[in-house]
Novice: 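Encoded as structure tokens, here's the structure I'll be asking about.
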2 protein chains.
Amino acid sequence: MSLVKTDIVHSAPGIPKPRGGPLDLGDLSNSIEYLVSRIHRLIFTGFSTHLAAFGLRPLTFAALTVIERNPGRKQSEVADALGVQRTNFVATVDEMLQKLWIDRAPIDRRSYALHLSEGGAAVLKAAAAERVKVENEWDLSLSPAKKSELTALLRQIIEASSSDPTIPRR
Amino acid sequence: MSLVKTDIVHSAPGIPKPRGGPLDLGDLSNSIEYLVSRIHRLIFTGFSTHLAAFGLRPLTFAALTVIERNPGRKQSEVADALGVQRTNFVATVDEMLQKLWIDRAPIDRRSYALHLSEGGAAVLKAAAAERVKVENEWDLSLSPAKKSELTALLRQIIEASSSDPTIPRR
DNA sequence: TATTGTTATACTCTATAACTATA
DNA sequence: TATAGTTATAGAGTATAACAATA
């Protein structure tokens, strides 16, 4: 296998560094924006592949999780909790309905209450088990302690963004 | 302004929780995949907006940073360092050439060495200053110490992914 | 035979605007 | 007037396949 991966190097900000070896990401190594976006791609190619075995996408997996945990909520509430717009959540709801993973019960004549079906609970359970397996692969590089450190920091950012009106929400 | 944001809650995994208040993200609160993807969207809407004032996109900003730091490298090396595919880097290179932010010098008759132009250095400098300003908004919720904690953890994941052949690279 | 840059193409995700109907 | 769901559409970003020129 000749992947010929050009190594990268993380270093502190400073002066240019022309060389012949691995490339240097420079200030990007300290940029939350860059690191998050890069890891996002990294994770999602792998994570999506695992979920695809269950007919799931990252968003359907997340949606089923939230619906199970918060039965009877409105479509727009679930979308909002997930941080996606109502308008972009419609197709996902349609998909989950079509696959019989959720039910919709009318609240009034313009809104629905979402519930997980037995089938939905089943895929979710199977996929969640798989998710743990996938995350365990990452645990090879991140100890449980560091993982909870990381998730705590990430949650803090999300929580701050929900209350700070100067930070764009989506 | 009536944004009518439905609050969310982060809690430990466990039993369902039907209520009438804020929604619960359940196990998603401990999922690196979910948290990273959500923050990715959050950051990028804001970050992209700030960069757009300079005619930059996140990828062009990152590319200029790497080219400045590693002058004379091949297009494919820069793409690889950034974790994007050669094929998807072409348009970005074209854009940077057209805006006179970089120069291309032939290495042999099939590859080019990339260098930052004066104009490229100028936008990069201006945008980097703006970047610091944007990150300072985040520092409202994340102390400098926590920020470097976070970037260190994120770097660790990226580094592990570059050496672990079982983890998809892009 | 492998590398470098390229084109074409399709698919996903997201953002915006506008519409219907209901409250 | 505001809310809930929907449709249509456009723009990024990314993935795959295939190709030409060169090493």
Side-chain angles (χ1 to χ4, degrees), chain A residues 1-6 33-34 36-49 51-52 56-63 73-80 82-97 102 104-114 168-170, chain B residues 1-6 34 36-49 51-52 56-63 73-80 82-97 104-114 168-170:
Chain A
M1 178 197 300
S2 83
L3 260 179
V4 186
K5 194 72 184 104
T6 305
E33 289 92 337
Y34 175 76
V36 164
S37 87
R38 176 142 184 183
I39 290 176
H40 173 249
R41 280 179 301 170
L42 196 64
I43 285 179
F44 260 58
T45 46
F47 190 45
S48 299
T49 303
L51 287 181
L56 287 160
R57 293 174 297 112
L59 182 56
T60 51
F61 176 78
R73 292 313 195 99
K74 281 183 292 188
Q75 191 169 317
S76 53
E77 286 180 314
V78 174
D80 199 43
L82 291 169
V84 300
Q85 296 181 107
R86 296 190 306 284
T87 184
N88 292 322
F89 195 53
V90 173
T92 299
V93 170
D94 286 345
E95 184 192 342
M96 294 188 294
L97 283 171
I102 61 170
R104 286 211 294 196
I107 294 177
D108 52 36
R109 262 183 289 185
R110 66 176 171 179
S111 59
Y112 303 101
L114 303 185
R169 276 184 181 70
R170 50 184 67 132
Chain B
M1 177 197 302
S2 83
L3 259 179
V4 187
K5 199 62 190 113
T6 305
Y34 174 77
V36 163
S37 87
R38 175 142 185 184
I39 290 176
H40 173 248
R41 279 179 301 170
L42 196 65
I43 284 179
F44 260 58
T45 46
F47 189 44
S48 300
T49 303
L51 287 181
L56 286 161
R57 293 175 298 113
L59 182 55
T60 51
F61 176 78
R73 291 312 195 100
K74 281 183 292 187
Q75 192 168 318
S76 52
E77 286 179 313
V78 175
D80 200 43
L82 291 170
V84 302
Q85 297 182 107
R86 295 192 305 285
T87 185
N88 292 322
F89 195 53
V90 173
T92 299
V93 169
D94 286 344
E95 183 191 343
M96 294 187 294
L97 282 171
R104 288 210 293 195
I107 294 178
D108 52 37
R109 261 183 291 185
R110 67 174 172 179
S111 58
Y112 302 100
L114 303 184
R169 278 187 180 68
R170 53 183 67 130

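Keep in mind the model is a prediction, meaning the values are calculated, not measured. Worth knowing before you read on, the calculation uses all heavy atoms, side chains too, and leaves out hydrogens, waters and symmetry mates. The sequence lines fix the lettering, A, B, ..., with proteins before strands; numbering per chain opens at 1.
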Novice: Between B/Ser37 and B/Tyr34 (side chain of the first, backbone of the second, donor and acceptor by atom type, cut-off under 3.5 Å), is there such a pair?
Specialist: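 Yes, B/Ser37 side chain to B/Tyr34 backbone: donor-acceptor pair under 3.5 Å.
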Novice: Checking the side chain of A/Asp108 only, and the main-chain atoms of A/Ser111 only, is there a donor and an acceptor separated by less than 3.5 Å?
Specialist: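 Answer holds: yes.
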Novice: Is there a donor-acceptor pair under 3.5 Å between the side chain of A/Thr60 and the backbone N or O of A/Leu56?
Specialist: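 No; zero donor-acceptor contacts below 3.5 Å.
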Novice: Which heavy atom in B/Phe44 sits nearest to a heavy atom in A/Glu33, and how many Å separate them?
Specialist: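 That closest heavy-atom pairing would be CE1-O, 3.5 Å.
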Novice: What integer distance in Å separates A/Leu82:CG from C/dC13:C1'?
Specialist: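 About 14 Å, once rounded to whole Å.
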Novice: From the list C/dC13, C/dG5, D/dG5, which nucleotide is the closest neighbour of the side chain of A/Pro58?
Specialist: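 Among C/dC13, C/dG5, D/dG5, the one nearest the side chain of A/Pro58 is C/dC13.
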Novice: Side chain of A/Thr87, base of C/dT14: donor and acceptor closer than 3.5 Å?
Specialist: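 Donor-acceptor pair under 3.5 Å: no.
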Novice: Ignoring the backbone of A/Lys74, work out which of C/dT6, D/dG5, C/dT4 is nearest its side chain.
Specialist: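 Between C/dT6, D/dG5, C/dT4, the one nearest the side chain of A/Lys74 would be D/dG5.
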Novice: Need to verify one output field. Residue with the more 5' nearest nucleotide on DNA chain C, A/Leu59 or B/Arg104?
Specialist: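 In this pair, the answer is B/Arg104.
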Novice: Hey, does the side-chain of B/Ser48 have a donor or acceptor N/O within less than 3.5 Å of a partner on the base of D/dA12?
Specialist: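 In this structure, the two groups form no donor-acceptor pair.
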Novice: Side chain of A/Thr45 only, please: which of C/dA15, D/dA15, C/dA23 is the nearest?
Specialist: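 Of the options given, the side chain of A/Thr45 lies nearest D/dA15.
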Novice: Parallel, tilted or perpendicular, judged at 30° and 60°: which one describes the rings of B/Phe61 and B/Phe47?
Specialist: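 B/Phe61 vs B/Phe47 ring planes: perpendicular.
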Novice: Counting just side-chain N and O atoms, does B/Ser111 come under 4.0 Å of either OP1 or OP2 of C/dG5?
Specialist: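 The answer is no; no side-chain N or O of B/Ser111 sits under 4.0 Å from OP1 or OP2.
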Novice: Tell me: CD of B/Glu95 to C1' of D/dG13, nearest whole Å?
Specialist: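 Value for this atom pair: 13 Å.
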Novice: Please determine whether a side-chain nitrogen or oxygen atom of B/Arg86 lies at a distance below 4.0 Å from atom OP1 or OP2 of C/dT6.
Specialist: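 Indeed not, no polar side-chain atom of B/Arg86 lies that close.
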Novice: Can you say whether a donor on the side chain of A/Arg110 sits under 3.5 Å from an acceptor on the base of C/dT22, or the other way round?
Specialist: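 Present.
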Novice: Please figure out whether B/Asn88 or A/Asn88 has its closest DNA chain D nucleotide nearer the 5' end.
Specialist: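 On the 5' side of the pair lies A/Asn88.
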Novice: In whole Å, what is the span from the CG atom of B/Leu42 to the P atom of C/dT14?
Specialist: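 It is 12 Å, rounded to the nearest whole Å.
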Novice: Report the distance from atom CE of A/Met96 to atom CZ of A/Arg57, rounding to the nearest 0.5 Å.
Specialist: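 Reported value, rounded in 0.5 Å steps: 8.5 Å.
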Novice: Taking atom P of C/dT4 as reference, at what distance in whole Å does atom CD1 of B/Ile107 sit?
Specialist: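 Checked: the CD1 to P distance equals 9 Å.
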Novice: What is the separation between atom CG on B/Leu56 and atom P on D/dA12, rounded to the nearest whole Å?
Specialist: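 Between P of D/dA12 and CG of B/Leu56: 14 Å.
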Novice: How many Å lie between NE2 on B/His40 and C1' on D/dT14, as a whole number?
Specialist: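 Those two atoms, NE2 and C1', are 11 Å apart.
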Novice: To the nearest angstrom, how far is B/Phe61 atom CZ from D/dG13 atom C1'?
Specialist: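 From B/Phe61 CZ to D/dG13 C1': 19 Å.
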Novice: With heavy atoms under 4.0 Å as the rule, sort A/Tyr112 into base, sugar-phosphate or nothing.
Specialist: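 It contacts sugar-phosphate atoms only.
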Novice: Taking the side chain of B/Arg57 as heavy atoms from C-beta outward, which of C/dG5, D/dG13, C/dT4 is closest to it?
Specialist: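 Nucleotide nearest to B/Arg57's side chain: D/dG13.
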Novice: In whole angstroms, how far is the C1' atom of D/dG13 from the CZ atom of B/Phe44?
Specialist: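 Atom CZ in B/Phe44 sits about 10 Å away from atom C1' in D/dG13.
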Novice: Indicate, yes or no, whether a donor-acceptor pair under 3.5 Å links the base of D/dA4 to the side chain of A/Asp108.
Specialist: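 A donor-acceptor contact between them is absent.
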Novice: Is B/Gln85 near enough to D/dT14 that one of its side-chain N or O atoms lies under 4.0 angstrom from OP1 or OP2?
Specialist: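 No, B/Gln85 has no side-chain N/O under 4.0 Å of OP1/OP2 on D/dT14.
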